[in-house]
Amino acid sequence: MRFIEQQKKLRIYNIDTPDTIQFRHGELFPNTIRSSVLRSSGCGKTNLIYFLLVDENGLRFENVYIYSKTLEQPKYKLLKRIIDNIGGVKIFTFFENDKVISPEKVLPNSIFIMDDVIGEHQQVIRELFCRGRHNKINIFYLAQSYSKVPKQLIRDNANLIVLFKQDETNLKHVYNEHCSGDMTYTQFKHFCVTCWNRDRFAIVVICKDSERDNGRYRYGVDTFVVI
């Protein structure tokens with residue numbers, strides 16, 4: 001392989017300088033979030049989302065959209081009561097797939113939660129993952145199995161992967177698609193298992209918008225791990 005430089009140059013550089021980047025959610029999170037939160041039922045996915053929304057160091061938003069077949073969960077009811085008492089913040093819920101609105105109709109600076117809808121039609125969800133960033137929509141896709149989440153536009157566009165304890169099949173899928181350029185699978189598995197063994201509800205977070213040794217790999221949201 002040879003690299004042959006030419007005399008005429010085309011200057012291409014990143015125009016997102018520190019002066020133009022706005023950390024809308026604080027420095028722990030990407031500016032616009034497209035997240036997959038993964039594990040079997042009852043592991044704590046909804047609990048995690050609840051605290052991301054209500055904690056003072058959590059997410060910043062003006063509206064919340066929830067698409068779920070289990071809207072009667074106590075945490076969602078509690079969240080609705082809290083948001084209803086906050087002036088200027090709105091919450092919208094969807095139970096049926098054909099009622100979910102397109103990205104163009106979602107209000108800016110919103111959090112859109114899709115909870116356990118992997119068996120439903122995915123077209124609108126794909127559109128949100130593909131075009132939501134331009135409307136400042138932050139998306140959380142909660143699912144029980146990573147391997148069953150559609151790859152095109154959803155898995156491929158995710159920039160914040162949250163892993164509760166995984167089986168070998170799903171862990172290998174995550175590694176192959178997001179981490180193989182940074183480490184061996186043995187190293188990745190050791191990192192994940194070490195984190196999960198520290199606490200029953202521990203999470204591994206992969207933040208793809210961060211540098212490899214500065215927040216890309218985390219135990220929980222706020223403990224950076226250098227591998």
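All residue numbers refer to positions in the sequence shown, counting from 1. Computation of the quantities below employed the complete heavy-atom set of this structure, encompassing side-chain atoms and omitting hydrogens, waters and symmetry-equivalent molecules.
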Taking Glu120's backbone N and O only, do any of them form a donor-acceptor pair with Gln122's side chain (distance below 3.5 Å, no angle check)?
yes
Would you say Ile125 and Leu153 are hydrophobically clustered, going by side-chain heavy atoms of ILVMFWY under 4.5 Å?
no
Side chains of Asp213 and Ile227: closer than 4.5 Å at any heavy-atom pair?
no
Any pair with a residue in residues 122-144 that passes ring-ring contact (aromatic ring centres under 6.0 Å, His included), sequence neighbours left out, goes on the list, sorted by first then second residue, please.
none
Does atom NZ of Lys208 have more than 12 heavy-atom neighbours from other groups under 6.0 Å away?
yes
Which other residues end up in the same hydrophobic cluster as Met1, if Ile, Leu, Val, Met, Phe, Trp and Tyr are linked when side-chain heavy atoms come under 4.5 Å apart?
Phe3
Centre of Tyr175's six-membered ring, under 6.0 Å away, within 45 degrees of the axis: is that where NZ or CZ of Lys189 sits?
no
Evaluate the side-chain contact (heavy atoms from CB on, under 4.5 Å) criterion for residues Val174 and Ile206: first the C-alpha distance (whole Å), next the side-chain angles of each, then the deciding distance (0.1 Å), finally the verdict.
CA-CA 10 Å; Val174 174; Ile206 304 168; 3.8 Å; yes
Could you tell me how the ring of Phe29 sits relative to the ring of His25: parallel (under 30°), tilted (30 to 60°) or perpendicular (over 60°)?
perpendicular
First locate atom NZ of Lys99, then atom OH of Tyr67, and finally report the distance between them rounded to the nearest 0.5 Å.
12.0 Å
Just wondering, more than 12 heavy atoms not from Lys105 lying within 6.0 Å of its NZ?
no
In short, Asp55 meets Arg60 closest at the heavy-atom pair O-NH1, 4.4 Å
Would you say the side chain of Phe188 lies within less than 4.5 Å of the side chain of Leu171, judging by non-hydrogen atoms?
yes
Checking Thr184 side chain against Gln187 main chain: does a donor-acceptor pair fall under 3.5 Å?
yes
Hey, what do you get for CD1 (Ile111) to CD1 (Ile83), rounding to the nearest 0.5 Å?
9.5 Å
Any donor-acceptor pair under 3.5 Å from Asn138 side chain to Arg34 backbone
no
Side-chain donor or acceptor of Arg218 paired with backbone N/O of Gly215 under 3.5 Å
yes
Minimum side-chain heavy-atom gap Gln144-Leu38 below 4.5 Å:
no
Evaluate the criterion salt bridge (charged side-chain N to carboxylate O under 4.0 Å, His left out) for residue pair Glu62 and Lys90; output intermediate values, then yes/no.
CA-CA 7 Å; Glu62 296 178 16; Lys90 299 178 181 179; over 6 Å; no
Minimum-distance pair of heavy atoms, taken over all atoms of Ser145 and Ile118
O-CD1, 3.9 Å
Over 12 foreign heavy atoms within 6.0 Å of CD, Glu168
yes
Under 4.5 Å between any side-chain heavy atoms of Thr70 and Asp116, yes or no?
no
Identify the heavy atoms of Tyr76 and Ser68 that sit nearest to each other, and give their distance.
CE1-OG, 4.1 Å
Would a distance-only check, ignoring hydrogens and angles, find a side-chain to backbone donor-acceptor pair under 3.5 Å from Asn135 to Ile137?
no
Donor-acceptor pair, side chain of Trp196 and main chain of Leu163, under 3.5 angstrom
yes
Salt-bridge contact Asp84-Lys80 (side-chain N to carboxylate O under 4.0 Å)
yes
Audit row: Val117, Asn97, side-chain contact (heavy atoms from CB on, under 4.5 Å) steps and yes/no:
CA-CA 9 Å; Val117 293; Asn97 186 279; over 6 Å; no
Return the minimal non-hydrogen interatomic distance between Leu160 and Pro30, and the atom names on each side.
CD1-CD, 4.2 Å
Could you walk me through whether Leu79 and Val54 satisfy the side-chain contact (heavy atoms from CB on, under 4.5 Å) test, starting with their C-alpha distance in whole Å, then the side-chain angles of each, then the deciding distance to 0.1 Å, before giving a yes or no?
CA-CA 8 Å; Leu79 180 63; Val54 303; 4.1 Å; yes
When you measure from the side chain of Lys136 to the backbone N and O of Ser110, does any donor-acceptor pair fall under 3.5 Å?
no
Straight-line distance of Cys207 SG to Arg216 CZ, nearest 0.5 Å:
8.5 Å
Supply the atom-to-atom distance Ser147 OG to Lys172 NZ, rounded to the nearest 0.5 angstrom.
13.0 Å
Is Ile139 reachable from Val89 through a run of hydrophobic residues whose side-chain heavy atoms are each under 4.5 Å from the next?
no
Quick check for you: to the nearest 0.5 Å, what is the distance between Lys8 atom NZ and Gln6 atom CD?
10.5 Å
Verify, without hydrogens or angle tests, whether Arg39 (side chain) and Lys45 (backbone) share a donor-acceptor contact under 3.5 angstrom.
no
Scanning both residues in full, the closest heavy-atom pair of Gln152 with Arg126 reads O-NE, 3.5 Å
Between Val64 and Phe61, is any pair of side-chain heavy atoms under 4.5 Å apart?
yes
Ile33 with Ile203, same ILVMFWY side-chain cluster at under 4.5 Å:
yes
Is there a continuous path of hydrophobic side-chain contacts, each under 4.5 Å between heavy atoms, that joins Leu52 to Leu28?
yes
Ignoring hydrogens, what is the shortest heavy-atom contact between Val205 and Gly220? Give both atom names and the distance.
CG2-O, 3.3 Å
Under 4.5 Å between side-chain heavy atoms, counting indirect links through other Ile/Leu/Val/Met/Phe/Trp/Tyr residues: same cluster for Val225 and Met183 or not?
yes
Cation-pi, Tyr217 ring and Arg212 (6.0 angstrom, 45 degrees)
no
CD on Gln166 to OG1 on Thr169, rounded to 0.5 Å
10.5 Å
The test is side-chain contact (heavy atoms from CB on, under 4.5 Å); show your working for Val100 and Phe95 and say whether it passes.
CA-CA 8 Å; Val100 180; Phe95 179 79; over 6 Å; no
May I ask you to decide if the ring planes of Phe112 and Phe94 are parallel, tilted or perpendicular, using 30° and 60° as cut-offs?
parallel
Do Val193 and Asn197 have side chains that get closer than 4.5 Å, going by heavy atoms?
yes
For Arg155, does the CZ atom sit with more than 12 other heavy atoms under 6.0 Å from it, leaving out its own atoms?
yes
Do Leu107 and Tyr65 come within less than 4.5 Å of each other through their side chains, counting heavy atoms only?
yes
Quick check: do Ile161 and Ser35 have side-chain heavy atoms less than 4.5 Å from each other?
no
